[in-house]
Amino acid sequence: MEGAVMSLKRGIGCSTAAVVLICALFVMIPQVSSVRYIVGANMGWSPTVNYTIWAQGKHFYNGDWLFFVYDRNQQNVLEVNKTNFETCNTEHFLHNWTTGAGRDVVPLNITKTYYFVSGNGFCYSGMKLAIHVEKPPPPPSSLPQKSGSSPSLLSKVGGQMILMPVLFAAAAAWDSFLLFW
């Protein structure tokens, strides 16, 4: 009977330690906030959408993605320079993002203004998109401490919150204590 209780304690201790470790990793991993935009929303990449209006109010950041959905038998996705964008010239494109499936993903991994058009005359119908990609905003800063006050557990040390890791370490130590006691 005593062996069964000891095995149960070890099993609970190991699973608790695993949960604590996983939670600690999630706390320490920086958040990734990339966004995947479906160009044209539910209308997709088509001549019936005003892409200037679609892009208004959106902030495109380095690391975001554009997802173009279109009729692969008629349209395509070409990245061009500003001059070719304004004149709908598709002969000298910078990059052809068309894969042939009509579902193309464009990573926005450079801070710059991107210009996209569709060839076969669709650019003249308004199938063109210009967006400016900027650096992601900095994370919110912590509130300044009042002078003369002592630091709390919520103080930042090296850019990491210390409260959660301290709690996880205390829980792991307590669990180990119970396991061997």
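Heads up: numbering here begins at 1 and tracks the sequence.
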List the atom of Q74, the atom of N120, and the distance in Å for their closest heavy-atom pair. O-ND2, 2.8 Å

Taken to the nearest 0.5 Å, the spacing of K135 NZ from N62 CG works out to 9.0 Å

Parallel, tilted or perpendicular: rings of Y61 and H59 (30°, 60°): parallel

What closest approach, in Å, do S34 and G63 show between heavy atoms, and which atom pair accounts for it? OG-O, 3.0 Å

Between Y115 and N84, does a side chain to side chain contact (heavy atoms under 4.5 Å, CB included) hold up when you go through it step by step? CA-CA 9 Å; Y115 300 97; N84 290 339; over 6 Å; no

In this structure, CH2 of W97 is separated from CD of E79 (nearest 0.5 Å) by 6.5 Å

If you draw a 6.0 Å radius around CH2 in W65, do more than 12 non-hydrogen atoms from other residues or ligands fall strictly inside? no

Mind checking the CG-CE spacing from N50 to M127? Nearest 0.5 Å is all I need. 13.0 Å

Atom pair OH/OG1 of Y124 and T90 - distance to nearest 0.5 Å: 7.5 Å

So if you build clusters from Ile, Leu, Val, Met, Phe, Trp, Tyr with side-chain heavy-atom gaps below 4.5 Å, do Y51 and V133 land together? yes

I'd like to know if Y70 and W54 are part of one continuous hydrophobic network [Ile/Leu/Val/Met/Phe/Trp/Tyr, side-chain heavy atoms within less than 4.5 Å]. yes

ring-ring contact (aromatic ring centres under 6.0 Å, His included) involving Y37 - partner list, sequence neighbours excluded: F60

Following the transitive rule for hydrophobic clusters with a side-chain heavy-atom cut-off under 4.5 Å over Ile, Leu, Val, Met, Phe, Trp and Tyr, establish whether I110 and V39 coincide in one cluster. yes

Spell out, as yes or no, whether a donor-acceptor pair under 3.5 Å connects the side chain of T99 to the backbone of D104. no

Restricting to non-hydrogen atoms, name the atom on V77 and the atom on W45 that form the minimum distance, rounded to 0.1 Å. CG2-NE1, 3.7 Å

Would you say S118's side chain and N76's backbone share a donor-acceptor pair under 3.5 angstrom? yes

Over all atoms of both residues, closest heavy-atom pair of L66 and I131: CD1-CD1, 3.6 Å

Side-chain heavy atoms under 4.5 angstrom apart, residues restricted to Ile, Leu, Val, Met, Phe, Trp, Tyr: same cluster for V105 and I38? yes

Would you say the side-chain atoms of T98 and N96 include a donor-acceptor pair closer than 3.5 Å? yes

Any chain of hydrophobic side-chain contacts (each under 4.5 Å) joining V35 to L129? yes

How long is the straight-line distance from CD of Q75 back to CZ of F68, given to the nearest 0.5 Å? 12.0 Å

Test side chain to side chain contact (heavy atoms under 4.5 Å, CB included) applied to E86 - qualifying residues, sequence neighbours left out: K82

Once rounded to the nearest 0.5 Å, what's the spacing between atom CZ of F85 and atom CG of L78? 12.5 Å

Nearest heavy-atom pair of G100 and R72: which atoms, and what distance? O-CD, 2.9 Å

Is a side-chain donor or acceptor of N81 paired with a backbone partner of T83 at a separation under 3.5 angstrom? yes

So, for E134 and T111, which heavy atoms are closest and what is the spacing to 0.1 Å? CA-CG2, 3.7 Å

